[in-house]
Amino acid sequence: MLELIKLPYGYDEFEGVIGKDTMEIHHSRHLQAYVNNYNGLVEGTKFADMTIEEVITQIDTVDESIRQGVRNNGGGVLNHNIYFTQLANNVELKDGELKTLINDTFGSLEAMIELLQKAGATRFGSGWSWLVLNGGKLEVTSTLNQDNPLSEGKTPLLGIDVWEHAYYLDYQNKRPEYLSQIFSIINWDVVEERFNAAK
Ligand code: MN
């Protein structure tokens with residue numbers, strides 16, 4: 001069974017980029033609902049004892065009667081755990097293997113961020129934009145609803161929530177404006193840790 005993650009910062013930590021109300025509602029209501037719904041679905045099944053990463057990786061093996069619910073709610077938990085744990089003020093991407101690979105793949109960090117912004121802005125409806133590691137290569141991609149790249153065999157390194165609930169109170173309908181600001185609070189140390197664990 002899953003638990004709501006504790007945030008390593010206060011709800012008001014990112015005022016000016018993401019306001020306190022958005023952070024509080026996003027974490028304590030949206031994410032809590034995904035946790036509760038997921039636990040209700042998998043209770044009494046073998047999936048209750050598995051990590052959320054294991055379940056989402058093998059989503060096609062989940063019993064069809066609960067598969068879509070597990071995909072939506074389990075993905076909702078995993079995606080938000082990725083999102084909330086990768087936020088911090090004033091953490092630059094340091095020189096190292098990840099930075100080198102980003103430069104070799106995309107030209108620069110700024111060019112990669114532009115691709116992530118474009119992937120998020122053009123994702124119709126609700127979903128996520130992602131930096132993933134796929135067979136040792138970096139890729140920018142996006143998913144629909146709460147789908148996670150793990151279900152496609154790709155390891156997520158950075159995930160940007162482009163559901164309206166992630167930005168509406170601060171940016172209303174201006175998703176590109178949110179996407180222009182969110183990269184100022186990325187904890188690149190966490191992204192690098194994920195890369196080092198996955199490579
Ligand atoms: Mn969200």
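All values below come from the heavy atoms of this structure, side chains included, with hydrogens, waters and symmetry mates left out. Everything numeric here is computed off the predicted structure, so don't read it as measured data. Indexing begins at 1, ligand by ligand and atom by atom, following the structure's order.
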(message) Do the side chains of Glu164 and Arg175 get close enough for a salt bridge, i.e. N-O under 4.0 angstrom?
(response) no
(message) Do Trp128 and His80 make a side-chain contact, defined as non-hydrogen atoms from C-beta onward lying under 4.5 Å apart?
(response) yes
(message) Between the Mn ion (ligand 1) and Asp161, which N, O or S atom of the residue is the nearest one?
(response) OD2
(message) Rounding to 10°, state the angle centred on the Mn ion (ligand 1) that links NE2 in His165 with NE2 in His80.
(response) 130°
(request) Can you tell me which residue pairs pass the side chain to side chain donor-acceptor pair (under 3.5 Å) test with a partner in residues 176-185, sequence neighbours excluded? (result) Tyr83-Tyr178
(message) If the threshold is 4.0 Å, N to carboxylate O, is there a salt bridge linking Lys118 and Glu114?
(response) no
(message) Strictly under 2.8 Å, is the Mn ion (ligand 1) approached by any N, O or S atom of His30?
(response) no
